[in-house]
Number of protein chains: 2
Amino acid sequence: MATIRDVARLAGVSVATVSRVLNQNGYVNEETEKRVRRAIQELNYKPNEVARTLFKKTSKTIGLIVPDISNPFFPELVRAVEDVTNIYDYTVILCNSDEKNEKEKEYIEVLKQKYVDGVILTTNQLELAEVSELDVPVVVLDRPLNHSFPSVIADNYGGARLATRHLYDIGCRKIAHLQGPPHVVNAVERFNGYRDEMKELGLWDENLVILGNYHLKQAKEAVLQAFKEHTIDGIFAGNDVMAVGALKAVQQLGLRVPEDVAIIGYDGIPLTEMTTPELSTISQPIYEMGAMAARLLVKRIEGQPLDQIHYVLPVQLIQRESTRKGEKG
Amino acid sequence: MATIRDVARLAGVSVATVSRVLNQNGYVNEETEKRVRRAIQELNYKPNEVARTLFKKTSKTIGLIVPDISNPFFPELVRAVEDVTNIYDYTVILCNSDEKNEKEKEYIEVLKQKYVDGVILTTNQLELAEVSELDVPVVVLDRPLNHSFPSVIADNYGGARLATRHLYDIGCRKIAHLQGPPHVVNAVERFNGYRDEMKELGLWDENLVILGNYHLKQAKEAVLQAFKEHTIDGIFAGNDVMAVGALKAVQQLGLRVPEDVAIIGYDGIPLTEMTTPELSTISQPIYEMGAMAARLLVKRIEGQPLDQIHYVLPVQLIQRESTRKGEKG
DNA sequence: ATATTGTATGTAACCGGTTACATAAGATTA
DNA sequence: TAATCTTATGTAACCGGTTACATACAATAT
């Protein structure tokens, strides 16, 4: 690989001049510039990003920490981050944390050592101290740490109330909630929304809360168990994957969806259109969330001011077959 | 951030000695080492990876180019690559190419400039010339370029024959193939397997080939169209996502799966367990493919010999409800 | 007694860029 | 006409590591 010194030699100038041509700063004579450009062409010279990074302390790379890319909520989010940062010439280092504190800390250490320009965090496991150690911009995505970092989330509380209310509107009165893991902030917020709406409707019954862990199998088992003990005519699942688990459980029990039990999920991942019946869901603007987080991060990196620190994006009820009863909700 | 010179000063030694302690090479007196380690602790010193990279020309980073992470086949693959390379202290730069030549070329350029230690390619758009420009190890995943790079693929041809034969075995005689995009090598291989099996069964009829593009909506439309023109009692879809499209089309036509039309997909993504009826599929060892590719790449990077250059992993028929007829196949 | 080997450490060049500073010539200004 | 500004370019230090090479002393071999 040719270096800037090779180019300088071939063009008969100093490395400083070549650097000036490359970065378009300082004075360079038109003729000289042509000679330099010709030499660059001839040698197929590409500047070494690492050397540049070492001096400038900016790597045009960001870190993206997600719990698990194989969880179907994240691919679209990751894709959005990649798309947006790419426009500004950043590359993305992908990190799967499994929500484990240890892995997150290790990744943050590595990212720092690689001089990443910023980090997007999708997790709520981190202690303040560890994140603060990062001396680069951070944007928190989907799982707000309740503090000073810019964040992008969707309206979990409002979405949960919307879902619960929707089940009520189509006639459900024994509305269960398949809750996500209690250590995940958005799961708690959705639970709170469900609880408050149920209280307002005068239907609150803590026995109707089913504990899930955002995964299919465990959710299905939990729902099967719940049906043994309680009467249920509607299920609001904390995420779409668990909604599928609920669907499977209900079908296995020989009950009809939505006639006997209506089901609504949360997230709006493509999966919801692939089940039979298709699943109603509270759709989060997943791509937009990722894109927004990426835009915020780039702004922060480039020292631009943010109009706003915390963004709460609106969610949307999408009614499909799993909650479409005779009365048409 | 403390530098190696700060550590040297505090420990009262030269930078060379500190470097020796860090890299555990050369001679260092036990007492001296203790002093150095104490200084490192005290300053919370972490070596700067970028400086190291510049000198050593190895970044402990690899590039991973996939068509689109939001295609449900890839998250698990990406996850596997990340898991395995992480064991060896590599980080992963994720690139979405959309199978576009232009994007792939740009990414390869950037990866080179960042001194990545190797690249895993999941694409078949690249010309030999462009990949060869990469002077780091390359492993090709899922889509073999038919040449000298190490590769990991699953047995597409065999899997397709297996799927076709399975439909035959459960009684189908008008077996359609929902084909993937013709510019994707694995789609063509699966088509070839289907064609050869059909010929061997004496059932080959080119009218039963339906062109799809690996996406749901288009596949569904194509299947609806095909049913207008031909009699079909079995569908072998080139991937699982299209199988879902076929399922939706068939259900929309008021036909029963599998009684009237049996359906089998290809890939074995989690989605296949979430539909109703659950989809039979040819399961590829997705995680293992990614893990294997990552292991090959690391071996190549570290200069170890490979036992074998091209790996073709076995696929497996998974029979579920969508092909479970009365006779029990 | 001298040569050789092993241990321990420091100096400075190097990786490949960027940029502060020095230098110089021609144009402009007082 | 001397001072100042603009344009153009080069030298060398710098970013923060690694390592070849030089140096020195003690232990061992000849």
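Chain letters run A, B, ... following the sequence lines, proteins first, then strands; residues in each count from 1.
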Those residues at least two apart in sequence (or on a different chain) that pass salt bridge (Lys or Arg N to Asp or Glu O under 4.0 Å) with Glu33(B) are Arg37(B)

Less than 4.0 Å between a side-chain N and a carboxylate O, is that true for Arg295(B) and Glu288(B)?
yes

Looking at Glu42(B), I want to see if its CD is surrounded by more than 12 non-hydrogen atoms of other residues, nucleotides or ligands under 6.0 Å.
no

Just wondering, more than 12 heavy atoms not from Gln308(A) lying within 6.0 Å of its CD?
yes

For a 4.5 angstrom cut-off between non-hydrogen side-chain atoms, does Thr91(B) reach Thr61(B)?
yes

NZ/NE/NH1/NH2 to OD/OE distance under 4.0 Å, Arg79(A) and Glu76(A):
no

Kindly give the atom pairs (protein nitrogen or oxygen, nucleotide nitrogen or oxygen) under 3.5 Å for nucleotides 25-28 of chain C.
none

Name the nucleic acid region contacted by Thr53(B), choosing base, sugar-phosphate or nothing; use a 4.0 angstrom heavy-atom cut-off, strictly under.
nothing

For Lys114(A) and dG16(D), give me the distance from atom NZ to atom P, rounded to whole Å.
18 Å

Compare all side-chain heavy atoms of Val50(A) with those of Ser59(B) and state whether any distance is below 4.5 angstrom.
no

Value in whole Å for how far the C1' atom of dT7(C) lies from OH of Tyr27(B)
6 Å

Quick one: label Val50(B) by what it contacts on the DNA or RNA (base, sugar-phosphate, nothing), any heavy atom closer than 4.0 Å.
nothing

Using a strict threshold of under 4.0 Å (side-chain N to carboxylate O), is an ion pair present between Lys46(B) and Glu109(A)?
yes

Rounded to whole angstrom units, what separation is found between the CD atom of Glu33(B) and the P atom of dT7(C)?
15 Å

Just the table, please: protein N/O against nucleotides 17-22 of chain C N/O, every pair under 3.5 Å.
from: dG17(C); atom 1: OP1; to: Tyr45(A); atom 2: OH; distance (Å): 3.4
from: dG17(C); atom 1: OP1; to: Asn48(A); atom 2: N; distance (Å): 3.4
from: dG17(C); atom 1: OP2; to: Ile4(A); atom 2: N; distance (Å): 2.7
from: dG17(C); atom 1: O5'; to: Tyr45(A); atom 2: OH; distance (Å): 3.0
from: dG17(C); atom 1: O5'; to: Asn48(A); atom 2: N; distance (Å): 3.3
from: dG17(C); atom 1: N7; to: Arg5(A); atom 2: NH2; distance (Å): 2.5
from: dG17(C); atom 1: O6; to: Arg5(A); atom 2: NH2; distance (Å): 3.2
from: dT18(C); atom 1: OP1; to: Asn23(A); atom 2: OD1; distance (Å): 3.4
from: dT18(C); atom 1: OP1; to: Asn23(A); atom 2: ND2; distance (Å): 3.2
from: dT18(C); atom 1: OP1; to: Arg52(A); atom 2: NE; distance (Å): 2.7
from: dT18(C); atom 1: OP1; to: Arg52(A); atom 2: NH2; distance (Å): 2.9
from: dT18(C); atom 1: OP2; to: Ser19(A); atom 2: OG; distance (Å): 2.7
from: dT18(C); atom 1: OP2; to: Asn23(A); atom 2: ND2; distance (Å): 3.4

Taking only the side-chain heavy atoms of Leu54(B) (C-beta and beyond), determine which of dC15(C), dG10(C), dT9(D) contains the nearest atom.
dC15(C)

